[in-house]
Amino acid sequence: MAKYAVNDAAVQRARELIKARQYVLDSDWGSVQPRADAENTYLDRHSWDEYAAWHLALTDGATDETKARYAFVYGDFRRVHRSALIACVYRAAEWKHKDVELAAHNLLQELDATAL
């Protein structure tokens with residue numbers, strides 16, 4: 001099983017987006033999460049650092065500037081999705097990636113408090 005480290009830059013970017021109210025509160029993450037073609041289009045127009053900022057975790061041992069390096073996407077490359085944060089919490093908890101689970105959980109709490 002892969003091991004992950006929290007991507008602090010992505011957590012900070014998610015916080016900035018939440019503060020700026022750049023989020024979606026109600027979406028079907030399975031339908032709106034970025035697919036490979038959307039990721040490729042994004043990478044055609046943005047840097048790997050910008051791509052990385054949309055992923056809460058970095059895969060240990062994976063090469064930088066490859067898609068395999070970045071995990072736990074939390075938005076659609078424009079906005080944070082509440083459903084994505086829930087999916088990140090669930091998936092990280094399921095596979096016992098506690099640091100990633102807590103990072104996603106904390107962001108979800110911040111989003112919910114902001115959206116009140």
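A quick note: this is a predicted structure, and the numbers were derived from the prediction, not measured.
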Report yes if some heavy atom in the side chain of [X] is under 4.5 Å from a heavy atom in the side chain of [Y]; otherwise report no.
X: R15; Y: E110; result: yes
X: V6; Y: V100; result: yes
X: V11; Y: Y74; result: no
X: K67; Y: L43; result: yes
X: T114; Y: K19; result: no

To the nearest 0.5 Å, how far apart are [atom1] in [X] and [atom2] in [Y]?
X: L25; Y: S83; atom1: CG; atom2: OG; answer: 10.0 Å
X: L107; Y: I86; atom1: CG; atom2: CD1; answer: 12.5 Å
X: D64; Y: T59; atom1: CG; atom2: OG1; answer: 10.5 Å
X: D26; Y: H81; atom1: CG; atom2: NE2; answer: 10.5 Å
X: Q33; Y: D28; atom1: CD; atom2: CG; answer: 9.0 Å
X: N106; Y: L85; atom1: CG; atom2: CG; answer: 10.5 Å

Exercise for review: State whether the number of non-hydrogen atoms from other residues, nucleotides or ligands found under 6.0 Å of R45 atom CZ is greater than 12.
Suggested key: no
Review point. Are more than 12 heavy atoms from other residues, nucleotides or ligands located less than 6.0 Å from atom CH2 of W48?
Key: yes
Exercise for review: Begin with the C-alpha distance, continue with both residues' side-chain angles, and end with the deciding distance and a verdict on side-chain contact (heavy atoms from CB on, under 4.5 Å) for V24 and R82.
Suggested key: CA-CA 6 Å; V24 177; R82 186 174 187 275; over 6 Å; no
Check your understanding: Between T63 (side chain) and T66 (backbone), is there a donor-acceptor pair under 3.5 Å?
Key -> no
Study note, to complete from the structure: Correct closest heavy-atom pair for N7 and A52 would be ND2-O, 2.9 Å
Check your understanding: Which heavy atom in A84 sits nearest to a heavy atom in G75, and how many Å separate them?
Key -> CB-N, 4.2 Å
Practice item. Could you tell me how the ring of Y51 sits relative to the ring of Y42: parallel (under 30°), tilted (30 to 60°) or perpendicular (over 60°)? Key: tilted
Practice item. Apply side-chain contact (heavy atoms from CB on, under 4.5 Å) to the pair V32 and D76, showing each step before the final yes or no. Key: CA-CA 7 Å; V32 299; D76 61 9; 5.7 Å; no
Review point. Would you say the ring centroid of Y4 lies under 6.0 angstrom from that of H97?
Key: yes
Practice item. Consider only side-chain heavy atoms of I, L, V, M, F, W and Y, link residues closer than 4.5 Å, and tell whether L56 and V89 are in one cluster. Key: no
Practice item. Applying salt bridge (Lys or Arg N to Asp or Glu O under 4.0 Å), run through E101 and K98 and close with a yes or a no. Key: CA-CA 5 Å; E101 175 191 350; K98 197 61 167 181; 3.3 Å; yes
Exercise for review: Could you give me the CA-CA distance, side-chain angles and deciding distance for E16 and R13, then say whether salt bridge (Lys or Arg N to Asp or Glu O under 4.0 Å) is met?
Suggested key: CA-CA 5 Å; E16 292 168 4; R13 178 67 179 138; 3.7 Å; yes
Review point. Which of these passes side chain to side chain contact (heavy atoms under 4.5 Å, CB included) with E39: F77, Y70, W54?
Key: F77
